[in-house]
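Values reported hereafter were calculated over all heavy atoms of this structure, with side chains retained and with hydrogens, waters and symmetry mates removed.
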Amino acid sequence: MADVTLTWGKCTLTYKVGTESVTLSPKQDSTKLNVTEGATQEAKVEGGEVIAVRRDSDSYTLEWQEHIHQANVEKRKASIKSPNTDVTDLSVVPGNAEALRIDVPKASIHSSFSYDTQSGILLTCKATFVKVDGKELFDLKAGTPTA
């Protein structure tokens, strides 16, 4: 079997704030998933020998940037005024239908904005995945969403 390399291509982000659906087109090459390993706790006996190890769960943060321009300025003003938002049904959908997408039942998004002469005004968002009872923290699925 030959090695297969799948690229995401252009991705789209979708989520809900209450009942309102939001669809974003992130800045090229700005979307990334960051994983922070959970802290390790060691139980040691006299002399320093480790007899047990416990590791906290990893945490996940999805990060992206979006250009703010005339076409979307009114929609983005809310993110600047209220930078912290709880969302549901967050999805990162790749442009390549054969690549995996990321589905997150619940996340907390923090937004900030910046300006430089090359990019103009950029909205930077970080979505921290939030555990929901009875659901996985996130899911990886093939293809584009059906809904």
Side-chain angles (χ1 to χ4, degrees), residues 1-43 50 52-147:
M1 177 187 277
D3 288 335
V4 177
T5 302
L6 291 177
T7 59
W8 271 41
K10 178 183 177 181
C11 72
T12 304
L13 284 136
T14 62
Y15 58 83
K16 290 182 182 175
V17 178
T19 58
E20 180 186 349
S21 293
V22 177
T23 301
L24 306 173
S25 294
K27 177 184 169 194
Q28 182 176 344
D29 298 329
S30 71
T31 307
K32 58 187 168 193
L33 179 63
N34 301 307
V35 181
T36 304
E37 290 186 10
T40 301
Q41 313 284 326
E42 294 181 339
V50 177
V53 177
R54 186 190 90 203
R55 181 180 210 135
D56 295 337
S57 297
D58 294 344
S59 63
Y60 298 87
T61 303
L62 182 70
E63 186 175 332
W64 69 91
Q65 291 181 318
E66 182 185 5
H67 290 283
I68 299 178
H69 49 77
Q70 285 299 114
N72 66 4
V73 70
E74 288 305 316
K75 291 181 180 181
R76 298 287 134 257
K77 279 183 180 178
S79 297
I80 294 169
K81 281 195 230 175
S82 260
N84 299 308
T85 306
D86 291 332
V87 302
T88 57
D89 300 327
L90 172 67
S91 289
V92 183
V93 182
N96 180 348
E98 293 185 19
L100 294 173
R101 74 176 199 265
I102 301 170
D103 289 338
V104 182
K106 185 173 181 181
S108 178
I109 297 178
H110 176 76
S111 303
S112 62
F113 77 99
S114 61
Y115 168 82
D116 66 51
T117 55
Q118 182 177 1
S119 298
I121 300 175
L122 285 176
L123 185 66
T124 300
C125 299
K126 294 182 180 181
T128 302
F129 299 6
V130 177
K131 181 72 176 156
V132 177
D133 288 339
K135 293 188 178 185
E136 295 292 326
L137 196 57
F138 67 94
D139 195 11
L140 300 176
K141 294 184 180 173
T144 56
T146 55

Where Cys125 and Ser111 come nearest, the two heavy atoms and their spacing: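 Where Cys125 meets Ser111 most closely, the heavy atoms are SG-OG, 3.4 Å.
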Keeping the roles fixed (side chain from Asp103, backbone from Ser91), state whether a donor-acceptor pair exists under 3.5 Å.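 It does not hold such a pair.
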Atom [atom1] in [X], atom [atom2] in [Y]: separation rounded to 0.5 Å?
X      : Y      : atom1 : atom2 : answer
Ile102 : Phe129 : CD1   : CZ    : 6.0 Å
Arg54  : Thr40  : CZ    : OG1   : 10.0 Å
Phe138 : Leu140 : CZ    : CG    : 5.5 Å
Asp139 : Arg101 : CG    : CZ    : 8.0 Å
Arg55  : Glu42  : CZ    : CD    : 10.5 Å

Can a salt bridge be assigned to the pair Lys131 and Asp133 using a cut-off of 4.0 Å between side-chain N and carboxylate O?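 Judged by the 4.0 Å cut-off on N to carboxylate O distance, Lys131 and Asp133 do not form a salt bridge.
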Would you say that [X] contacts [Y] through its side chain, given a criterion of any heavy-atom pair below 4.5 Å between the two side chains?
X      : Y      : value
Ser112 : Pro83  : no
Asp56  : Gln41  : yes
Asp89  : Thr14  : no
Asn84  : His110 : yes

Set out, in order, the CA-CA distance, both residues' side-chain angles and the distance that settles side chain to side chain contact (heavy atoms under 4.5 Å, CB included) for Leu90 and Leu13, then state yes or no. CA-CA 7 Å; Leu90 172 67; Leu13 284 136; 4.1 Å; yes
In terms of heavy-atom contacts, does CZ of Phe113 have more than 12 from other residues, nucleotides or ligands at under 6.0 Å?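 No, not enclosed.
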May I have the list of side-chain donor-acceptor pairs in residues 28-35 shorter than 3.5 Å, sequence neighbours left out?
residue: Ser30; atom: OG; partner: Lys27; partner atom: O; Å: 2.8
residue: Ser30; atom: OG; partner: Gln65; partner atom: N; Å: 3.0
residue: Ser30; atom: OG; partner: Gln65; partner atom: O; Å: 3.3
residue: Asn34; atom: ND2; partner: Glu63; partner atom: OE1; Å: 3.2

If you apply the rule side chain to side chain contact (heavy atoms under 4.5 Å, CB included), what do you find for Ser25 with Glu66, and how did you get there? CA-CA 7 Å; Ser25 294; Glu66 182 185 5; over 6 Å; no
With under 30° as parallel and over 60° as perpendicular, where do the rings of Trp64 and Tyr15 fit, or are they tilted in between?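 Rings of Trp64 and Tyr15: tilted, as their planes differ by 30° to 60°.
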Just do the side chain to side chain contact (heavy atoms under 4.5 Å, CB included) check on Leu122 and His67 with the steps written out, would you? CA-CA 5 Å; Leu122 285 176; His67 290 283; 3.5 Å; yes
The test is side chain to side chain contact (heavy atoms under 4.5 Å, CB included); show your working for Leu137 and Val104 and say whether it passes. CA-CA 7 Å; Leu137 196 57; Val104 182; over 6 Å; no
